[in-house]
Trainee: 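Below is the structure I would like to discuss, written out as structure tokens.
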Number of protein chains: 2
Amino acid sequence: MELSSKVEIIGSMLLKENIKPSYARIRIMEYLLSRKSHPTVDEIYTALVKEIPTLSKTTVYNTLNLFVKSNIARVITIEENETRYDADMSCHGHFKCESCKAIRDFSFKCAAIDTSDLDGFLIREKNVYYYGLCPDCLASESQD
Amino acid sequence: MELSSKVEIIGSMLLKENIKPSYARIRIMEYLLSRKSHPTVDEIYTALVKEIPTLSKTTVYNTLNLFVKSNIARVITIEENETRYDADMSCHGHFKCESCKAIRDFSFKCAAIDTSDLDGFLIREKNVYYYGLCPDCLASESQD
DNA sequence: AATAAAATTGTAATCAATACAATGCGTATG
DNA sequence: CATACGCATTGTATTGATTACAATTTTATT
């Protein structure tokens, strides 16, 4: 898809949430949507500043916080030191390989988690993080 | 239970993991076990320094990292800015009330999460975080 | 074009976490 | 019993992500 049509689609998506579709906001959302990598603020900034030289890191922070408040992105705290962001709001889990550090989505049936312990609670968001070894790292480890 | 017998029990628990049962380590593990509050480093330090005046915050950090590496405690990254610790290694989830900020355990059947997406992966750890409103905050909110 | 409102920017400040060198303590050895 | 070694602890300095905030720029409105 061309960038120009992406801009329109994301622009109207932001308008629906009463967010002014500024160029920076559109590009940041476009970056989030176009890759499943759950980037950090630094990754987003480093990638986009090449094309938007005036971009500041504060804007990236502001924009992501705005997206999270508006429920069109969510925070991934799978790591202790750095916050990651994900614009995929569907129910899915995140797996982090402790060897190669890659983070991967996986699907599961949200309703399958029995939460009778939380009767009377209002559940707004669910984050599921798994840790372990991916098949590649598993294979190279067993060779040692 | 008296502190003296706790010291012995936790001491042998640490020895099993090849961790020298120093007084600081025993008291930090005792603190983790005695409350389900998933304390932060600061909470642990502030509570224990009253009884162990020589305690340093670095020791709390070192000790918790050691516990995590030895798999007798785990990191709770339910919050963006602060790391919490939990010595309950059984399968359970954590619920955080976005209003009163309290964190609460809840149980669920770990096996109920279908992970066919992760066939071939070695899963070592699972963290399940839910966010929302607890019954108390829900009640006081609906009064407004 | 003029004004107001909102977005963006850059710098400074905050704060959790780590690095590291120095000190203290316990255990084993002679 | 004294000494030496290894490990635990300590305190300070540093790092690095995030936020605060005031100044500037951009956008929208009349």
Side-chain angles (χ1 to χ4, degrees), chain A residues 7 10-12 14-15 17-31 38-70 72-85 101 103, chain B residues 7 10-11 14-15 17-31 38-70 72-86 101 103:
Chain A
V7 164
I10 294 172
S12 59
L14 295 181
L15 277 173
E17 304 294 329
N18 293 315
I19 296 171
K20 274 195 192 171
S22 72
Y23 188 64
R25 287 170 176 172
I26 288 172
R27 293 304 303 276
I28 290 169
M29 177 52 80
E30 193 260 323
Y31 190 87
H38 323 96
T40 63
V41 167
D42 203 67
E43 282 165 22
I44 298 169
Y45 171 75
T46 304
L48 291 184
V49 78
K50 289 172 192 159
E51 298 174 43
I52 316 169
T54 63
L55 186 68
S56 87
K57 213 176 241 188
T58 302
T59 297
V60 180
Y61 275 105
N62 289 341
T63 302
L64 290 170
N65 286 337
L66 180 65
F67 289 171
V68 170
K69 241 191 302 183
S70 303
I72 54 174
R74 61 164 147 170
V75 170
I76 308 285
T77 58
I78 200 168
E79 286 167 307
E80 288 170 54
N81 50 337
E82 257 183 332
T83 300
R84 294 181 172 274
Y85 293 86
K101 316 295 181 195
I103 295 172
Chain B
V7 165
I10 295 173
L14 296 181
L15 277 174
E17 304 294 330
N18 292 315
I19 296 172
K20 273 196 193 171
S22 73
Y23 189 64
R25 288 170 175 173
I26 288 173
R27 292 305 302 276
I28 290 169
M29 176 52 78
E30 193 260 323
Y31 189 87
H38 323 97
T40 63
V41 166
D42 203 66
E43 283 165 21
I44 298 170
Y45 172 76
T46 303
L48 291 184
V49 77
K50 289 172 191 158
E51 297 173 44
I52 316 170
T54 63
L55 186 68
S56 87
K57 214 175 241 187
T58 303
T59 297
V60 180
Y61 275 106
N62 289 341
T63 303
L64 290 170
N65 286 338
L66 181 65
F67 288 171
V68 170
K69 242 191 301 182
S70 303
I72 54 175
R74 61 163 146 170
V75 171
I76 309 284
T77 58
I78 200 168
E79 285 168 309
E80 289 171 52
N81 50 339
E82 257 184 332
T83 300
R84 296 182 171 274
Y85 293 87
D86 191 355
K101 315 295 180 194
I103 295 173

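Residue numbers start from 1 in every chain, and the chains themselves are labelled A, B, ... in the order their sequence lines are given, proteins ahead of strands. When reading the values below, keep in mind they use all heavy atoms of this one structure, side chains included, and skip hydrogens, waters and symmetry mates. Bear in mind that the values here come from a model prediction, so they are computed numbers and not experimental data.
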Trainee: Any idea which heavy atoms bring B:I19 and B:I72 closest together, and the distance?
Mentor: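 Shortest heavy-atom separation between B:I19 and B:I72 comes out as CD1-CD1, 4.0 Å.
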
Trainee: Show me the protein contacts with nucleotides 14-17 of chain C, counting only N or O atoms at under 3.5 Å.
Mentor:
residue: C:dA17; atom: OP1; partner: B:T83; partner atom: N; Å: 3.1
residue: C:dA17; atom: OP1; partner: B:T83; partner atom: OG1; Å: 2.6
residue: C:dA17; atom: OP2; partner: B:Y61; partner atom: OH; Å: 3.0

Trainee: If I take atom CZ from residue A:R25 and atom CZ from residue A:F67, how far apart are they, to the nearest 0.5 angstrom?
Mentor: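 Here the interatomic distance stands at 7.5 Å.
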
Trainee: Given side chain to side chain contact (heavy atoms under 4.5 Å, CB included), test A:V41 with A:T83 step by step and report yes or no.
Mentor: CA-CA 8 Å; A:V41 167; A:T83 300; over 6 Å; no

Trainee: OP1 or OP2 of C:dT8 sitting under 4.0 Å from any side-chain N/O of A:S22?
Mentor: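 It does, given that an N or O in the side chain of A:S22 lies less than 4.0 Å from OP1 or OP2 of C:dT8.
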
Trainee: Quick test: give all pairs of protein nitrogen or oxygen and nucleotides 21-30 of chain D nitrogen or oxygen below 3.5 Å, distance rounded to 0.1 Å.
Mentor:
none

Trainee: What are the atom names and distances for every N/O pair under 3.5 Å that joins the protein to nucleotides 21-26 of chain C?
Mentor:
none

Trainee: Would one find a side-chain N or O of A:T54 under 4.0 angstrom from OP1 or OP2 of C:dT9?
Mentor: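 A:T54 to C:dT9 OP1/OP2: side-chain N or O found under 4.0 Å.
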
Trainee: Once you round it to whole Å, what is the distance between P of D:dC7 and CG of B:N18?
Mentor: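 Going from B:N18 (CG) to D:dC7 (P), I get 13 Å.
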
Trainee: Not counting sequence neighbours, which residues clear side-chain contact (heavy atoms from CB on, under 4.5 Å) with B:T59? List them please.
Mentor: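 B:T59 satisfies side-chain contact (heavy atoms from CB on, under 4.5 Å) with B:A24, B:L55, B:S56, B:T63 once adjacent residues are dropped.
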
Trainee: Run the salt bridge (charged side-chain N to carboxylate O under 4.0 Å, His left out) test against A:K20 and tell me which residues pass, sequence neighbours left out.
Mentor: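 Salt bridge (charged side-chain N to carboxylate O under 4.0 Å, His left out) list for A:K20, sorted by chain: empty.
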
Trainee: Taking only side-chain nitrogens and oxygens of A:S56, does any of them come within less than 4.0 Å of OP1 or OP2 of C:dT9?
Mentor: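 For A:S56, the contact criterion (side-chain N or O under 4.0 Å from OP1 or OP2 of C:dT9) is met.
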
Trainee: Nearest heavy-atom pair of B:L15 and B:P21: which atoms, and what distance?
Mentor: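 It is CD2-CD, 3.7 Å.
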
Trainee: Between B:R27 (CZ) and D:dT9 (P), how many Å, whole number?
Mentor: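 About 14 Å, once rounded to whole Å.
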
Trainee: Indicate yes or no: at least one non-hydrogen side-chain atom of A:L66 is less than 4.5 angstrom from one of A:N62.
Mentor: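 No. Closest side-chain heavy atoms not under 4.5 Å.
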
Trainee: Between A:L64 (CG) and C:dT8 (P), how many Å, whole number?
Mentor: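 These atoms are roughly 12 Å apart.
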
Trainee: My understanding is that only residues two or more places apart in sequence, or in another chain, count here; which of them pass salt bridge (charged side-chain N to carboxylate O under 4.0 Å, His left out) with A:E79?
Mentor: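 By the salt bridge (charged side-chain N to carboxylate O under 4.0 Å, His left out) rule, A:E79 matches A:R84, A:K96.
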
Trainee: Between B:I76 and B:I103, is the side chain to side chain contact (heavy atoms under 4.5 Å, CB included) condition met? List the steps.
Mentor: CA-CA 10 Å; B:I76 309 284; B:I103 295 173; 5.5 Å; no

